[in-house]
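Right, one structure below, let's go through it.
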Amino acid sequence: MHIVAVLAFDGVIPFDLATPIEVFTRTCLPGGSPGYEVRVCAERPHVDAGAFTLTAPWGLDTLAEAHTVVVPGTADPAAALTPPVRAALRTAAANGTRIASICAGSFVLAAAGLLDGLRATTHWIAAGSLAAAHPSVDVDPGVLYVDNGQILTSAGAAAGLDLCLHMIRRDYGSAVAAAAARLSVVPLEREGGQAQFIAHDHPPTPQGAELEPLLTWLQQHLRHDLTLADIAAQAGMSTRTLIRRFRDQTGLTPLQWLHRARVRRAQHLLETTRHSVERIGAEVGFGSPTAFRERFKRTTGVSPQTYRHSFS
């Protein structure tokens, strides 16, 4: 069983604490067995979470048994890190444990020396403070999360959910991650850095929306060379009206939606088949392998081959 240890501190942000608990606890594998055992741990049995007091069933020693450690943010990111917590985190890192932070939890990882020389992110409002306090950390405030392999960091609030789903996908593949995303009622995937790793086979169709039949048709014709005029003709409306309604109902232009749908389908094929990159690009509607590679990297942040190596 994959053990996830969620580390709680005084002043912990309840949303950041609850996100990994909820997401990992409810993750099920094919057949219904649980994917994770979640343990909330702390330096002391009782944690002051502001609006309530939390009783942590596990101590810091559980970090040595965990496969993943998640560090939520706290109300005071600059609070001093106690020697026992620092030692437990560094020991876990030395043992190869995956360690992830949510929001201002990145300050804890930085204080423990785990982000030195690495690219990392945090809540945008605290990015300047993190960079100033820890100049050895390459702080990137423009992404939802950063995956360095063993050490991962995320931005604030909902970005923690993106990061948890990303880790589920790394552990168990896209089907399990997609099921976890649906259970969490996640909206359309958000663009930005490596957050694009988490995706369905295609962008979800807004059920009951006026464009639902058209989006379904587009999903079924991804491999065809479709122009804006072709899509408008299928919809029975002018291109100007089509663009306006697409933006209203999906937040994207028709061609942006189509490009994302093609990349989503390509991600699925890269994970589940051994087809060549060239064949997959053609199957999802890109006119050339070069165009496919450029669009895929622009959307996901990595090449198709790198993506396949990570997730197949």
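Because only heavy atoms are used, hydrogens play no part in the values below, and waters and symmetry mates are left out as well, while side chains stay in.
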Intermediate values then yes/no, side-chain contact (heavy atoms from CB on, under 4.5 Å), L118 and V137: CA-CA 6 Å; L118 296 180; V137 181; 5.9 Å; no
Kindly indicate, with the supporting measurements, whether the criterion side-chain contact (heavy atoms from CB on, under 4.5 Å) is fulfilled by L115 and D138. CA-CA 8 Å; L115 296 182; D138 178 13; over 6 Å; no
Just do the side-chain contact (heavy atoms from CB on, under 4.5 Å) check on F24 and C164 with the steps written out, would you? CA-CA 8 Å; F24 288 116; C164 290; 3.7 Å; yes
I would like to know whether R98 and D171 meet salt bridge (Lys or Arg N to Asp or Glu O under 4.0 Å); could you show each step before the answer? CA-CA 11 Å; R98 181 172 65 187; D171 295 337; 2.8 Å; yes
Could you give me the CA-CA distance, side-chain angles and deciding distance for R39 and E65, then say whether salt bridge (Lys or Arg N to Asp or Glu O under 4.0 Å) is met? CA-CA 10 Å; R39 300 179 181 179; E65 304 175 31; 2.9 Å; yes
Could you please spell out the steps behind the side-chain hydrogen bond (donor to acceptor under 3.5 Å, both in side chains) verdict for D48 and T53? CA-CA 5 Å; D48 179 4; T53 298; 5.0 Å; no
Candidate pair F292 and I280, rule side-chain contact (heavy atoms from CB on, under 4.5 Å), full reasoning: CA-CA 9 Å; F292 170 50; I280 290 174; 4.1 Å; yes
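Checking side-chain atoms of T239 against main-chain N and O of L228 turns up no donor-acceptor pair under 3.5 Å. With D140 contributing its side chain and T121 its backbone, the two residues share no donor-acceptor pair below 3.5 Å. Under the 3.5 Å distance criterion, the side-chain polar atoms of R86 are matched with a main-chain donor or acceptor of A111. Formation of a donor-acceptor pair under 3.5 Å by the T27 side chain with backbone atoms of V23 is found in this model. Between the side chain of R308 and the backbone N or O of T273, at least one donor-acceptor pair lies under 3.5 Å. With N148 contributing its side chain and R119 its backbone, the two residues share a donor-acceptor pair below 3.5 Å. Within the 3.5 Å criterion, the main-chain N or O of L222 finds a donor-acceptor partner in the side chain of R262. A side-chain donor-acceptor contact under 3.5 Å links T299 to the backbone of R295. Between the side chain of T272 and the backbone N or O of H268 there is at least one donor-acceptor pair closer than 3.5 Å. Distance alone, capped at 3.5 Å, is enough to place a donor-acceptor pair between the T25 side chain and the I21 backbone.
Contact record, V40 with P57: O-CD, 3.3 Å, taken as the closest heavy-atom pair. In plain terms, the two heavy atoms of A100 and L109 that are nearest each other are C-CD1, 4.3 Å. Minimum heavy-atom separation, A158 to F15: N-CE2, 4.1 Å. L63 and L89 make their closest contact through CD2-CD2, 3.9 Å (heavy atoms, listed as atom of the first residue, atom of the second, distance). Nearest heavy atom pair, residue P14 against residue F52, reads CG-CE2, 3.8 Å. Nearest heavy atom pair, residue G35 against residue H2, reads O-CB, 3.7 Å.
Residues L152 and L17 share a hydrophobic cluster, clusters being chains of Ile/Leu/Val/Met/Phe/Trp/Tyr side chains in contact below 4.5 Å. Under the 4.5 Å side-chain heavy-atom criterion for Ile, Leu, Val, Met, Phe, Trp and Tyr, I13 and L163 are members of distinct hydrophobic clusters. One hydrophobic cluster, built from ILVMFWY side chains closer than 4.5 Å, cannot hold both V108 and V47; they sit in different ones. Note on I99 and I168: separate hydrophobic clusters, where clusters join Ile, Leu, Val, Met, Phe, Trp and Tyr whose side-chain heavy atoms are under 4.5 Å apart, directly or indirectly. By the rule that hydrophobic residues join a cluster once side-chain heavy atoms approach within less than 4.5 Å of another member, M167 and Y145 end up as members of one cluster.
Residues satisfying the side chain to side chain contact (heavy atoms under 4.5 Å, CB included) criterion with H221, sequence neighbours excluded, are W217, H224, L226. Scanning for ring-ring contact (aromatic ring centres under 6.0 Å, His included) contacts around H134 gives an empty result, with sequence neighbours left out.
Rounding to the nearest 0.5 Å gives a distance of 11.5 Å between OG of S154 and CG of D147. In this structure, T306 OG1 and F296 CZ are separated by 9.0 Å, a value rounded to the nearest 0.5 Å. To the nearest 0.5 Å, atom CG of residue L269 and atom CD of residue E271 are 9.5 Å apart. Between the CG atom in L270 and the CD atom in Q305 there is a gap of 8.0 Å [rounded to 0.5 Å]. To the nearest 0.5 Å, atom CD of residue E43 and atom CG of residue D10 are 9.0 Å apart. In this structure, L114 CG and T153 OG1 are separated by 11.5 Å, a value rounded to the nearest 0.5 Å.
The closest side-chain donor-acceptor pair between S101 and S106, if any, does not fall under 3.5 angstrom.
T122 places a side-chain heavy atom less than 4.5 Å from the side chain of F107. Side-chain contact between T19 and D16 is absent, with no heavy-atom pair separated by less than 4.5 Å. Residues T68 and Y36 fail the side-chain proximity criterion, which asks for heavy atoms closer than 4.5 Å. A heavy-atom distance below 4.5 Å is found between the side chains of V277 and R293. Side chains of I102 and P20 form a contact here, defined as non-hydrogen atoms less than 4.5 Å apart.
Counted within 6.0 Å of CG on N95, heavy atoms from surrounding residues, nucleotides or ligands total more than 12; the atom is thus considered enclosed.
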Compile the donor-acceptor pairs under 3.5 Å between side chains in residues 240-247 and protein atoms, sequence neighbours left out, one pair per line.
residue, atom, partner, partner atom, Å
T241, OG1, S238, OG, 2.9
R245, NH1, E210, OE2, 2.7

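Classification of the H259-F286 ring pair by plane angle, with boundaries at 30° and 60°, yields parallel.
Screening I231, L214, L218 against W257 for a side chain to side chain contact (heavy atoms under 4.5 Å, CB included) leaves a single residue, L218.
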